[in-house]
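So the structure is just underneath, and the comments pick up after that.
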Amino acid sequence: MLLGIPRGHFYYDYYLFADRLFRDSGIEILYGCENSEDTLKRGRELAVDEACVPMKLVAGQLDYLEDKCDRILLPRVMKDYMGRWLCPKLLGLPELMSCKTSEAKYLITEPLKFNDKKDLSKRLWKVCSEAGMKRAVFTEAFEDAYGIIADIAGGRRYGHTEAGWEFAPQPPRPGEIILPNNKKIFLAGHCYTVYDRFINMDIVRKLDEFGIAVLTEKDVLRSDAERCVRDAGLVKPPYWEAFVRLYGAALHMRDKVDGIIYISSFSCGLDSFIIEMIKTHITDVPMMVLKLDEHRGRAGFETRLEAFSDLLQRSAS
C-alpha cells in the first residue's frame with residue numbers, strides 16, 4: 001500500500017514517530033510536496049474562508065496526494081505526551097478535510113492521546129492493520145516510536161525533525177560573500193509556520209543575510225521549557241501543549257538571544273494569548289510579531305525584518 005501523509009501540521013512534530021512506526025512495515029510512505037503558491041491556491045478553493053493559512057495548505061496537500069496514493073493518513077491527535085491539548089483546529093482536521101473526497105480514501109484515526117500508551121497503541125493498531133501492517137511488526141515499531149516521543153518529552157533528546165534541511169539557510173552562491181552572524185534571535189511560532197519556508201517566506205535565509213542566527217524551540221529541551229513554565233508562577237497549570245513549548249522556550253532563551261521574532265498565522269486563537277504572555281513576562285528583550293496570511297506581502301515583510309535587524313545592531317552600540 002502507498003500511504004500518503006500531508007506535509008503540514010503534525011508532520012514537523014511527529015515525523016520521527018511516524019518514520020519509525022512505518023519504517024519496516026512494508027507500507028510505502030508518500031509525503032506531501034513542499035508547499036508553494038499552487039498548494040495554497042488549491043487549499044484556498046477547498047477550505048472554508050475562516051481557516052488559517054496552515055489549514056488551507058493542508059487542504060492543498062490532500063488535494064495533491066489524492067490521486068498519487070492508495071490511502072491518506074489523517075491522525076486526530078488530541079493530547080501530547082504530558083496530557084495537554086493541541087490546537088482545536090487540529091482536533092477537527094479529519095472533519096474539515098474529508099469533504100474533499102470519499103471518506104474511503106482516508107485512514108482517520110480515533111482520538112489519539114499520547115499520554116495513554118496502551119490506548120494509543122490500540123487505536124493506532126486499528127489503522128495500521130487496515131493498511132496491511134503485521135501485528136508483530138507493529139508491536140516492535142510502536143515501542144521504538146513511543147520511546148522517541150518519551151525521550152523528547154522527558155528532555156533526554158531534542159525534538160529536531162527531518163525538516164531541518166528545509167529550515168537551514170541555503171548555501172552561498174559561487175563568489176557570494178556571507179558575513180558571519182553577530183546576533184541571535186529566538187524564532188518562535190508553531191512548527192508548521194517556523195519550519196515551512198513557503199509560509200514564512202524563507203525568513204531564516206533573510207535573517208542570515210542580515211547577519212542574524214536563528215534558534216527555535218527545537219533547540220530547547222522539553223524539560224527546560226517545562227521547568228521555566230513551572231517557575232513562572234502561573235495561577236494554574238497550562239491547558240495547551242503549544243503554550244508550554246513556546247512560552248517555556250521563550251523564557252529559557254531570554255538570556256541567550258538578542259531578540260525574539262514570533263511568527264503567527266492570522267486568526268490563530270492560541271497565539272493570541274501566547275504572544276501576550278511572552279510580552280508580559282519578557283520585557284528586557286526586543287520582540288517583533290509577524291502576522292502571516294494568504295496574501296503574502298513580501299515587501300512589507302522584508303522591510304520589517306530589516307528594521308528589526310537595525311534595532312538589534314543599534315542596541316549593541
Side-chain angles (χ1 to χ4, degrees), residues 2-23 27-47 51-75 77 87 89-90 93 96-97 100-101 105-107 159-173 187-209 214 216-218 261 263-266 268 290-298 301-302 305:
L2 181 59
L3 182 65
I5 297 180
R7 187 189 293 261
H9 286 323
F10 299 113
Y11 168 78
Y12 294 99
D13 271 342
Y14 290 94
Y15 169 82
L16 294 174
F17 179 85
D19 176 66
R20 180 61 194 94
L21 185 63
F22 294 108
R23 184 186 305 160
I27 301 171
E28 187 178 355
I29 300 297
L30 174 64
Y31 291 103
C33 60
E34 289 189 53
N35 286 317
S36 64
E37 292 290 351
D38 183 60
T39 315
L40 181 57
K41 180 181 178 181
R42 293 182 183 191
R44 189 185 297 122
E45 296 171 351
L46 300 173
C52 59
V53 175
M55 189 66 71
K56 291 179 179 178
L57 287 173
V58 171
Q61 289 273 328
L62 295 178
D63 188 63
Y64 166 82
L65 290 169
E66 182 179 357
D67 299 325
K68 296 177 176 61
C69 54
D70 301 312
R71 304 291 294 275
I72 300 174
L73 180 65
L74 277 181
V77 182
C87 169
K89 292 180 181 177
L90 300 186
L93 182 64
L96 291 173
M97 297 300 148
K100 173 62 181 66
T101 61
K105 186 74 176 182
Y106 294 101
L107 273 175
H160 292 292
T161 69
E162 174 267 1
W165 66 269
E166 300 173 2
F167 175 69
Q170 296 175 345
R173 295 181 291 272
L187 186 62
H190 300 285
C191 57
Y192 40 83
T193 55
V194 168
Y195 297 101
D196 188 318
R197 285 196 305 211
F198 170 74
I199 193 173
N200 65 37
M201 291 178 277
D202 211 358
I203 186 174
V204 178
R205 181 191 61 80
K206 195 64 181 177
L207 289 170
D208 189 57
E209 291 177 359
V214 169
T216 75
E217 56 97 5
K218 295 295 183 185
I261 296 179
I263 305 178
S264 175
S265 299
F266 179 75
C268 178
L290 293 174
K291 288 286 185 180
L292 305 176
D293 59 27
E294 60 193 79
H295 300 295
R296 295 175 49 77
R298 181 177 293 273
F301 185 82
E302 294 184 354
L305 287 180

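Along the sequence shown, residues carry numbers from 1.
Between the side chain of Asp208 and the backbone N or O of Val204, no donor-acceptor pair lies under 3.5 Å. Side chain of Gln61 to main chain of Arg7: a donor-acceptor pair is present (N/O by atom type, distance under 3.5 Å, no hydrogens or angles). In this structure, Asp70 contributes its side chain and Leu2 its backbone to a donor-acceptor pair below 3.5 Å. Between the side chain of Lys105 and the main chain of Glu66, a donor-acceptor pair closer than 3.5 Å is present.
The aromatic rings of Tyr195 and Tyr12 lie parallel to each other, their planes meeting at an angle below 30°, with 60° marking the opposite boundary. Note: Tyr14 and Phe17 have perpendicular aromatic rings, judged against thresholds of 30 and 60 degrees for the angle between ring planes.
Salt bridge annotation for Glu45-Lys41: absent, with no cationic side-chain nitrogen under 4.0 angstrom from a carboxylate oxygen. Between Arg42 and Asp38, at least one side-chain nitrogen of the basic residue sits less than 4.0 Å from a carboxylate oxygen of the acidic one, meeting the salt-bridge criterion. Ion pairing between a basic and an acidic side chain is recognised when a charged N comes within 4.0 Å of a carboxylate O; Asp13 and Lys218 show such pairing.
Under the side-chain contact (heavy atoms from CB on, under 4.5 Å) rule, Tyr64 has a single partner from Cys33, Ser36, Pro6, which is Cys33.
The closest side-chain heavy-atom distance from Leu290 to Leu305 is below 4.5 Å. Between Leu74 and Leu62 there is a side-chain heavy-atom pair separated by less than 4.5 Å. Annotation: side chain of Cys268 is in contact with side chain of His190 (closest heavy-atom distance under 4.5 Å). In this structure, Ile263 and Leu187 have side chains that are in contact, with non-hydrogen atoms separated by less than 4.5 Å. Residues Leu57 and Phe198 form a side-chain contact, since some pair of their non-hydrogen atoms from C-beta on lies under 4.5 Å apart. For the pair Ser264 and Thr193, the minimum side-chain heavy-atom distance is 4.5 Å or more. Between Ile5 and Tyr15, every side-chain heavy-atom pair lies at or beyond the 4.5 Å cut-off. Between Ile203 and Val214, every side-chain heavy-atom pair lies at or beyond the 4.5 Å cut-off.
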Determine, step by step, whether Met201 and Leu292 satisfy the side-chain contact (heavy atoms from CB on, under 4.5 Å) criterion, reporting the C-alpha distance in whole Å, the side-chain angles of both residues, the deciding distance to 0.1 Å, and the verdict. CA-CA 10 Å; Met201 291 178 277; Leu292 305 176; 4.3 Å; yes
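Residues satisfying the salt bridge (Lys or Arg N to Asp or Glu O under 4.0 Å) criterion with Asp293, sequence neighbours excluded, are absent altogether.
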